[in-house]
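One structure is given here, and the rest of the page talks about it.
Because the structure is predicted, anything quoted here is derived from the model rather than measured.
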Amino acid sequence: MKKTIDLFGKKILPFLILMLMAVSSCTDDLDVQPRDDDEFTSEKYYQNPQAYRMFLAKLYAGLARAGNGEGDGGEDIGGIRNDFSVYMRAYYTLQQLPTDESIVAWADGNLPSMNSQTWTSGNEFIYVMYSRASYQISLANEFLRQSSPDKLASRPVAPEILNDMKSYRAEARFLRALSYWHALDMFGKFPIVTENNSVGFFYPEQKTPQEVFTFIADELQAIDADLKPSQSNEYGRIDKIAARMLLAKLYLNAQVYIGQNKDAEASQALADVVNSTYRIAQIPYSYLFMGDNDTNGAQNEFIFPIRFDGLHTTSGITNYLVHASILSSMNASDFGVSGGWKGLRARREFVSKFPDITGASDNRAMFHTEGQTLDINKISDEAQGYGVTKWTNKRSNGANGNDPTNNYVDTDFPMFRLADAYLMYAELAVKGQGSLSQAVTYVNALRTRANASIVSQGDLTLDFILAERSRELYWECHRRQDLIRFGKFTGGSYLWQFKGNSVNGAPIADHYRLFPIPDRARSANPNLAQNTGY
């Protein structure tokens with residue numbers, strides 16, 4: 001029978017899931033079958049020669065699924081409906097809903113406050129994100145504890161896994177660094193706990209943003225030698241380029257995180273990314289977000305995809321994006337699913353970033369307008385705000401995904417893709433780190449794919465780059481971070497509908513650049529201090 005403890009202010013299984021259930025992975029080559037948690041006492045679990053592969057699958061699946069046995073009490077995080085508890089869905093809620101790109105009609109709990117930046121430290125959706133990041137870190141720590149040389153020597157590890165263990169451990173450290181980055185980006189201050197901390201209940205000490213930043217940077221540099229070269233790992237697993245991409249993102253946002261300019265370091269890390277074997281996919285833009293984006297050419301651009309399969313993953317970010325985007329005025333069958341959830345729409349300020357809404361002059365403009373108004377005067381009215389048709393369970397050949405019920409989707413989510421790196425390069429070049437002529441080439445590669453007009457070097461301003469990032473990367477969980485980095489999220493220099501809880505937008509205070517430390521986390525750990533302004 002499962003028991004729970006409270007660590008980092010969240011519901012988790014004891015001993016950090018202890019022996020970690022074998023999980024049906026969202027990565028095809030990591031597929032294993034779920035088994036009963038009770039079977040996995042520490043040493044018994046590791047008598048399976050494939051145990052470490054199962055554990056690694058769990059680490060990756062932690063970004064994609066609610067937990068083992070989704071929907072039947074097997075969720076990793078308790079206290080909230082299981083579909084709301086998924087890591088990347090929580091990440092979308094915090095990174096996209098407070099911005100000019102999307103808005104959701106639903107009134108579940110405190111969800112409406114995410115549309116209008118009126119959240120408080122009691123917001124359960126913020127708590128889920130804090131908990132998910134903490135939980136992933138805990139899992140990675142336990143993997144590293146259990147894969148020490150002495151542990152490996154005492155267990156019947158499959159030879160191919162043992163030979164690959166340096167990469168396994170480096171991937172676990174990357175996934176831990178990723179969650180620490182998410183925590184730094186959203187909460188600033190955060191505890192640092194590693195495999196070197198003793199197992200058992202204790203109150204982790206909250207670290208400063210500088211300490212968290214330094215830890216992440218050091219980790220990403222340290223694992224470089226043990227990660228596999230560009231595109232030499234299984235699709236969906238981490239390689240050196242994913243780590244360099246994360247390092248570049250960390251440095252690019254350093255002025256926000258720690259008040260220091262690290263653009264030179266960002267440029268250096270990014271050089272490895274743009275010069276790697278990854279390539280901009282020479283396919284229609286829409287193919288990047290289809291149910292076969294693991295095979296239709298999009299995979300060549302995806303530096304780190306979060307994988308989904310409608311037969312095995314019944315919740316997740318792309319399942320949410322496909323279903324929640326389908327409004328009453330849209331046909332669910334057009335998107336390869338059996339029904340829509342009537343929630344997500346585009347705000348008018350995002351729509352205005354395209355020269356026309358038909359997509360004729362820029363294929364990235366993927367809007368449904370019939371039966372919808374452009375303006376949103378009532379958030380709960382799903383007929384207000386244009387629909388977005390970017391995400392679908394349709395395959396590029398017109399067929400639906402694998403699930404015969406058409407309830408769950410196959411579409412992978414690109415956590416990192418090369419198009420983002422190209423636009424990061426352009427941003428750095430405008431700020432003096434990089435070649436403007438090369439930046440124009442990168443930007444035009446994306447615009448040409450979208451059948452948009454090409455631009456010249458004189459068009460490359462920071463305002464243009466910010467808008468182009470929105471046009472290329474919308475609803476991919478970048479927008480809040482981008483707006484903050486460009487100085488547009490808080491204050492009144494840029495307004496959008498329902499910013500500051502006003503129909504036409506109102507300025508908001510600078511402390512909203514961070515989310516509050518959740519009350520439930522602070523109640524569980526007296527070492528956690530609240531962020532300024534909350």
TODO: Say whether, by atom type as modelled, one donor and one acceptor occur between the side chain of Gln282 and the main chain of Ile280 under 3.5 angstrom.
DONE: yes
Open item on the list: Can you confirm whether the side chains of Asn123 and Thr120 place a donor and an acceptor under 3.5 Å from each other?
Closed with: no
Task: Residue pair Trp341 / Trp106, side-chain heavy-atom distance below 4.5 Å - done: yes
- [ ] Kindly indicate whether the side chain of Leu321, heavy atoms from C-beta on, has any atom under 4.5 Å from the side chain of Phe289.
- [x] no
- [ ] Identify which one of Val256, Asn253, Leu252 satisfies the side chain to side chain contact (heavy atoms under 4.5 Å, CB included) criterion when paired with Gln481.
- [x] Asn253
Task: Point-to-point distance, once rounded to the nearest 0.5 Å, from CG of Asn402 to CG of Asp410 - done: 4.0 Å
Task: Carboxylate-amine/guanidinium contact Glu382 Arg345, below 4.0 Å - done: no
Open item on the list: So does His478 get a backbone contact from the side chain of Gln95, meaning a donor-acceptor N/O pair under 3.5 Å?
Closed with: no
Open item on the list: So that I can tick it off, tell me whether Glu476 and Lys390 are bridged by a salt bridge, with the cut-off set at under 4.0 angstrom between side-chain N and carboxylate O.
Closed with: yes
Task: Any donor-acceptor pair under 3.5 Å from Thr318 side chain to Thr411 backbone - done: yes
- [ ] Could you walk me through whether Leu344 and Tyr92 pass side chain to side chain contact (heavy atoms under 4.5 Å, CB included), step by step?
- [x] CA-CA 11 Å; Leu344 294 175; Tyr92 183 96; 4.1 Å; yes
Task: Under 3.5 Å donor-acceptor, Ser470 side chain and Leu466 backbone - done: no
- [ ] Would you give the length of the straight line joining atom CH2 of Trp475 to atom CH2 of Trp391, rounded to the nearest 0.5 angstrom?
- [x] 10.0 Å
Task: Donor-acceptor contact present, side-chain Glu349 to main-chain Gln497, <3.5 Å - done: yes
- [ ] Check whether any side-chain heavy atom of Val430 lies under 4.5 Å from a side-chain heavy atom of Leu436, and answer yes or no.
- [x] yes
- [ ] Taking the six-membered ring for Trp and the single ring otherwise, decide whether the centroids of Phe367 and Phe350 are under 6.0 Å apart.
- [x] yes
- [ ] Please check if the distance between the ring centroids of Phe486 and Tyr494 is under 6.0 Å.
- [x] no
Task: Modelled atom types, side-chain donor and acceptor of Asp185 and Tyr257, under 3.5 Å - done: yes
- [ ] Determine, for Phe464 and Arg471, whether the Lys NZ or Arg CZ falls below 6.0 Å from the six-membered ring centre while staying within 45 degrees of the axis.
- [x] yes
Task: Test item: Leu220 and Trp181 side chains (from C-beta on) under 4.5 Å apart, heavy atoms - done: no
- [ ] Decide whether Ser333 and Asn331 meet the rule of one side-chain donor and one side-chain acceptor closer than 3.5 Å.
- [x] no
Task: Among Tyr135, Phe515, Tyr87, ring pair (Phe, Tyr, Trp, His ring centres under 6.0 Å) partner for His182 - done: Tyr87
TODO: Drop me the distance from Ser329's OG to Glu370's CD, to the nearest 0.5 angstrom.
DONE: 7.0 Å
Task: Heavy-atom donor-acceptor pair, Gln255 side chain to Asn261 backbone, under 3.5 Å - done: yes
TODO: Ignoring hydrogens and angles, state whether a donor on the side chain of Glu124 or Asn110 is under 3.5 Å from an acceptor on the partner side chain.
DONE: yes
TODO: Give a yes or no on this: more than 12 heavy atoms of other residues, nucleotides or ligands lie within 6.0 Å of atom CD of Gln433.
DONE: yes
Task: Distance-minimising heavy-atom pair for Pro98 and Thr93 - done: CD-O, 3.4 Å
- [ ] Just do the side chain to side chain contact (heavy atoms under 4.5 Å, CB included) check on Phe489 and Ile508 with the steps written out, would you?
- [x] CA-CA 8 Å; Phe489 186 70; Ile508 60 174; 4.2 Å; yes
TODO: Working to the nearest 0.5 Å, report the span between CE of Met424 and OH of Tyr442.
DONE: 12.5 Å
Open item on the list: Using the salt bridge (Lys or Arg N to Asp or Glu O under 4.0 Å) definition, which of the options Arg447, Lys353, Arg449, Arg479 pairs with Glu472?
Closed with: Arg449
Open item on the list: Give me the atom names and distance for the closest heavy-atom approach of Asp108 to Pro112.
Closed with: O-CD, 3.9 Å
Open item on the list: Tell me whether Asp375 is salt-bridged to Arg348, with the criterion being a basic N under 4.0 Å from an acidic carboxylate O.
Closed with: yes
TODO: Test side chain to side chain donor-acceptor pair (under 3.5 Å) on Asp403 and Asn407 and set out the steps.
DONE: CA-CA 7 Å; Asp403 176 23; Asn407 286 327; 4.7 Å; no
Task: Considering all heavy atoms, the nearest Val409-Phe308 contact - done: O-CB, 4.0 Å
TODO: Determine, stepwise, if the pair Thr490 / Asp510 fulfils side chain to side chain donor-acceptor pair (under 3.5 Å).
DONE: CA-CA 5 Å; Thr490 58; Asp510 283 345; 2.7 Å; yes
Task: pair Met366-Tyr474: side-chain heavy atoms closer than 4.5 Å - done: yes
- [ ] Compare every heavy atom of Ser134 with every heavy atom of Phe190, then report the nearest pair and how far apart it is.
- [x] CZ-OG, 3.4 Å
- [ ] Using modelled atom types only, decide if a donor and an acceptor are shared between the side chain of Asn451 and the backbone of Ala360 within a distance under 3.5 Å.
- [x] no
- [ ] For Glu265 and Tyr251, indicate whether the former's side chain and the latter's backbone hold a donor-acceptor pair under 3.5 Å.
- [x] no
TODO: Decide, yes or no, whether a salt bridge links Arg417 with Asp420 under the criterion of side-chain N to carboxylate O below 4.0 Å.
DONE: no
Open item on the list: Is it the case that the side chain of Gln299 and the backbone of Gly297 share a donor-acceptor pair, with hydrogens and angles ignored and the cut-off at 3.5 Å?
Closed with: yes
- [ ] Flag the pair Tyr130 / Arg520 as yes when at least one side-chain heavy-atom distance between them is below 4.5 Å, and no otherwise.
- [x] no
Task: Evaluation steps, side chain to side chain contact (heavy atoms under 4.5 Å, CB included), between Arg347 and Asn115 - done: CA-CA 11 Å; Arg347 304 200 202 205; Asn115 291 317; 4.1 Å; yes
Open item on the list: Within this structure, what is the CG-OH distance for the pair Asp412 and Tyr235, rounded to the nearest 0.5 Å?
Closed with: 4.0 Å
Task: Donor-acceptor contact present, side-chain Arg132 to main-chain Leu63, <3.5 Å - done: no
- [ ] Applying side chain to side chain contact (heavy atoms under 4.5 Å, CB included), run through Leu178 and Phe304 and close with a yes or a no.
- [x] CA-CA 11 Å; Leu178 179 74; Phe304 178 31; 4.0 Å; yes
Task: Smallest separation among heavy atoms of Lys499 and Gln117, with atom names - done: CA-OE1, 3.2 Å
Open item on the list: Assess whether a salt bridge exists between Lys488 and Asp100, defined as any Lys/Arg side-chain N lying under 4.0 Å from an Asp/Glu carboxylate O.
Closed with: no
Task: Point-to-point distance, once rounded to the nearest 0.5 Å, from CG of Leu139 to CG of Leu175 - done: 10.0 Å
Task: Check: Tyr408 and Asn393 side chains under 4.5 Å, non-hydrogen atoms - done: no
- [ ] Compare all side-chain heavy atoms of Pro209 with those of Leu184 and state whether any distance is below 4.5 angstrom.
- [x] yes
Open item on the list: Under 3.5 Å, is there a donor on one side chain and an acceptor on the other for Tyr534 and Trp119?
Closed with: yes
Task: Closest contact, heavy atoms only, Gln530 versus Lys189 - done: O-NZ, 3.0 Å
